[in-house]
Structure formats: C-alpha cells, structure tokens
Amino acid sequence: MAPDADAGKSTGRADPFAPLTSEQIDVGDGHDLYVESVGREGGIPAVYLHGGPGSGCQPDHRRLFDPERFHAVLFDQRGCGRSRPKGSRQHNTTQHLIADMETIRERFGFARWMVVGGSWGATLALAYAQAHPARVSGLVLRATFLGTHEELEDVFLRTLPRFYPALYEDFLNVLPESERATPLAAYYRRILDPSIDVHGRVARAWHDTERTLSEHTPKQTRLDLQKTSGVLPSTPFMEAHYFANDCFLRPNQLMENVGLLAGIPGIMVQGRYDLLCPPATTHALAARWPGSEVRIIDGAGHILYDPGIRNAVMKAIADLGSKAR
C-alpha cells in the first residue's frame with residue numbers, strides 16, 4: 001500500500017488529514033478528554049488507541065487512515081496528552097477508559113467501529129472488544145500486550161539482561177541494594193512516590209530503559225546515572241500506576257476471554273524482534289482467536305516507526321476496512 005500519496009485528494013480540503021472536529025469532552029470524575037476526528041463523515045467508523053499507558057495521540061496517527069474511506073476518532077486517554085487534568089491518576093483505570101470509549105462512540109453516533117491500537121493501545125482494544133463485542137467491526141493490533149505482570153517480568157528481568165546486560169546492571173543500580181531483589185515493585189513504588197527526590201531518578205531510568213528495548217537499533221544502550229536535571233518524562237508515572245495494579249485486569253483476563261472475540265475479524269502486526277511485546281504473545285492469542293491473522297514484519301522491533309511497521313498497520317486498516325464494508 002502506498003503510504004499516503006493520493007489519499008484524500010477529493011475531500012476538497014487543503015490538508016485531508018486535518019481534523020474534521022476537535023473538542024474537549026467531559027466524561028465525568030473531573031476528567032475532560034481531548035477528542036478529534038479525521039477523514040469524512042459517512043466513512044468507515046474507526047477509533048485509534050494510543051500506547052503507554054500515558055502517552056497521547058500524535059498528528060501522524062491521523063495518517064494511518066485513508067481520509068477518503070474512514071471516519072476515524074482519536075483521543076487522549078485520561079490524564080494523557082491534551083486531556084485534563086494532565087497526569088491525573090484519580091478515577092483512571094482500564095474500566096474507566098472502556099466507559100470513555102463508549103461515551104465517545106455514542107457521541108459520534110457509530111453503531112460499530114474498527115478499533116486500532118498498539119502495545120498498551122492493543123491491551124485496551126482487546127479489553128474494550130471483550131466488554132462490548134457487538135460494537136466492534138474489527139481489530140487492528142500492533143505489538144500485542146496482554147497487560148500481565150508475567151509479561152513485564154519477562155521483559156525487564158529476563159529479556160533485558162539477556163540482550164543488554166550492562167543496561168540491566170544500570171537499571172538495578174538505580175535502586176538501593178536492599179530493593180534489587182524485587183526491582184519492578186521497587187520501581188513502581190518509587191515512581192509513584194510524591195517526592196521528586198524519590199521518583200526523579202527512577203522515572204528517568206525506567207523511561208530510558210524502555211526506550212532502548214523498544215527500538216530495533218537503539219542509539220543509547222546505557223543509562224546516564226549522573227543525570228539529575230531536565231524535564232521528567234510523563235509516561236513512567238501512568239505506567240507505574242497501571243502496572244502496579246496489573247492494568248486493572250484479572251490475571252490472564254484477556255487470554256481467557258478471547259472467546260468473546262468470536263466473529264470479530266482481526267489483523268495483528270508484529271515486529272519479529274520486538275523485545276517489549278514479543279511474537280510469542282501474538283501467536284498465542286491468534287491460536288485461540290478464529291478469524292485473526294498475524295503479519296510478521298522482519299527486521300523490525302516494537303515501535304510504529306521501525307521499518308515496515310507503519311505501512312503494515314496502514315495496510316491492515318485498509319484491508320479490514322474492506323471486510324467491514
């Protein structure tokens with residue numbers, strides 16, 4: 001599929017990927033979500049779920065959807081991006097986000113929509129589809145993550161030392177020696193501590209370690225243990241909130257409830273060398289989900305912008321859109 005060459009030319013707008021609408025929606029509990037739509041009214045309904053948890057939608061995410069064919073909605077989840085209050089973890093659980101998606105769907109008048117998400121966005125997509133299968137026309141997932149403690153332990157306690165042993169030593173050395181026996185719990189506890197003297201160093205270490213694991217050819221493979229200044233990244237705080245609470249899911253919930261996806265077509269795009277969300281997870285899910293398809297991208301890791309991933313996600317959206325029609 002050609003990336004964007006001619007998409008949307010007949011929309012009559014100078015920029016076919018500019019938002020059709022953008023607004024702040026009050027979803028209750030003191031949260032206002034930033035919500036925008038792109039494409040054309042009457043197009044195939046779709047929603048895009050960003051990752052993290054804790055990041056937000058970016059302008060390039062709009063370009064995943066052919067504006068001639070789709071009416072896509074993008075929104076920043078509670079506490080993320082342009083939603084307010086920024087960084088708030090109050091009344092912020094997977095169940096709240098699922099309810100927010102229903103509020104947004106009803107606001108746009110969509111009976112059903114295609115749900116697209118990567119990494120944490122794939123987790124939320126699966127949780128939503130299992131809660132409201134009649135509202136989902138199809139699922140496009142990238143880098144499937146099932147939100148389990150076991151997956152996180154595998155990444156940070158087994159994959160990290162296997163591929164980046166020096167980085168793993170840095171990751172542990174950020175913690176006091178007495179806390180290194182259970183490093184993930186220690187990281188979550190410290191990141192969520194209100195004192196910057198406690199959370200500052202570990203939040204930066206978590207972010208930089210995760211970034212290295214997410215890239216197929218990372219530029220940085222060690223932590224700068226001396227760095228103490230600069231703006232702290234926002235994602236570690238929301239991630240620690242969700243991960244410390246097992247993503248507000250029952251143990252193995254998404255895999256055990258995969259039968260609820262029966263009749264929903266799905267395409268899962270998976271980087272061959274994804275160290276954060278490895279192919280084994282995607283294949284295990286596909287084995288229990290009739291009607292799903294796995295598309296492996298060789299030479300790619302986790303992120304959307306590794307070679308071949310973005311175009312594969314665009315093609316999966318287009319292909320599933322044809323089935324929806």
Side-chain angles (χ1 to χ4, degrees), residues 1 48-53 64 94 114-131 133 136-164 210 213-217 243 246-247 249-321 323:
M1 177 179 178
Y48 181 82
L49 306 177
H50 66 70
L64 297 173
T94 302
M114 179 192 302
V115 183
V116 181
S119 193
W120 160 252
T123 316
L124 180 56
L126 287 166
Y128 173 83
Q130 291 178 3
V136 179
S137 62
L139 287 164
V140 173
L141 309 179
R142 174 189 60 80
T144 304
F145 171 52
L146 300 180
T148 67
H149 179 69
E150 289 75 18
E151 288 169 287
L152 293 164
E153 280 199 333
D154 189 58
V155 168
F156 288 96
L157 305 187
R158 289 181 282 277
T159 298
L160 176 59
R162 186 179 303 126
F163 285 86
Y164 298 102
E210 190 175 44
L213 289 169
S214 74
E215 298 173 347
H216 184 41
T217 54
F243 296 162
D246 296 321
C247 292
L249 299 168
R250 298 188 312 277
N252 214 31
Q253 176 180 327
L254 299 183
M255 186 65 82
E256 289 182 354
N257 289 350
V258 72
L260 295 171
L261 304 180
I264 299 176
I267 299 175
M268 292 179 278
V269 175
Q270 176 67 53
R272 173 76 70 189
Y273 302 108
D274 188 338
L275 299 184
L276 286 177
C277 302
T281 304
T282 296
H283 278 272
L285 184 65
R288 299 176 64 172
W289 178 10
S292 67
E293 174 189 352
V294 178
R295 298 182 179 180
I296 295 288
I297 310 303
D298 287 311
H302 179 76
I303 62 174
L304 179 63
Y305 299 103
D306 269 357
I309 295 286
R310 183 177 179 276
N311 280 357
V313 171
M314 291 175 65
K315 188 175 190 310
I317 293 170
D319 291 349
L320 209 55
K323 290 184 180 181

Query - Test log, rule side chain to side chain contact (heavy atoms under 4.5 Å, CB included), inputs L249 and L254 - result: CA-CA 8 Å; L249 299 168; L254 299 183; 4.0 Å; yes
Work out which heavy atom in [X] is nearest to a heavy atom in [Y]; give both atom names and the distance.
X	Y	answer
T144	T281	O-CG2, 3.8 Å
M255	R288	CG-NH1, 3.2 Å
S214	D306	O-OD2, 4.2 Å

Report task. Could you check V155 against L213 for side chain to side chain contact (heavy atoms under 4.5 Å, CB included), going step by step and ending with a plain yes or no? Result -> CA-CA 9 Å; V155 168; L213 289 169; 3.7 Å; yes
Atom [atom1] of [X] and atom [atom2] of [Y]: how far apart are they, to the nearest 0.5 Å?
X	Y	atom1	atom2	result
L124	H50	CG	NE2	9.0 Å
C247	E151	SG	CD	8.5 Å
W120	L49	CH2	CG	9.5 Å
R142	L64	CZ	CG	9.5 Å
L126	Q253	CG	CD	10.5 Å
L320	E293	CG	CD	9.5 Å

N/O donor to acceptor pairs below 3.5 angstrom from side-chain atoms of residues 261-278, sequence neighbours left out:
residue, atom, partner, partner atom, Å
Q270, OE1, T282, OG1, 2.5
Q270, NE2, C277, O, 2.8
R272, NE, D298, OD1, 2.8
R272, NH2, D298, OD1, 3.3
D274, OD1, L276, N, 2.9
D274, OD1, C277, N, 2.8
D274, OD1, H302, ND1, 3.1
D274, OD2, H302, ND1, 2.9

Query raised in the report: Under 4.5 Å between any side-chain heavy atoms of D154 and T159, yes or no?
Result: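 D154 reaches T159 side chain to side chain.
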Requested in this report: Let me see the working for L152 and F145 under side chain to side chain contact (heavy atoms under 4.5 Å, CB included), right down to the final yes or no.
Outcome: CA-CA 10 Å; L152 293 164; F145 171 52; 4.3 Å; yes
Requested in this report: Return yes if some donor-acceptor pair links the side-chain N/O of E215 with the main-chain N/O of G301 below 3.5 Å, else return no.
Outcome: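 Pair absent, no side-chain N/O of E215 close to backbone of G301.
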**Report entry** Any donor-acceptor N/O pair, Q130 side chain to A127 backbone, under 3.5 Å
**Finding:**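 Such a contact is absent between Q130 side chain and A127 backbone.
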Report summary line: Residue set satisfying salt bridge (charged side-chain N to carboxylate O under 4.0 Å, His left out) with D319, at least two apart, ordered chain then number -> R295, K315
Requested in this report: Just do the side chain to side chain contact (heavy atoms under 4.5 Å, CB included) check on V116 and I317 with the steps written out, would you?
Outcome: CA-CA 8 Å; V116 181; I317 293 170; 4.0 Å; yes
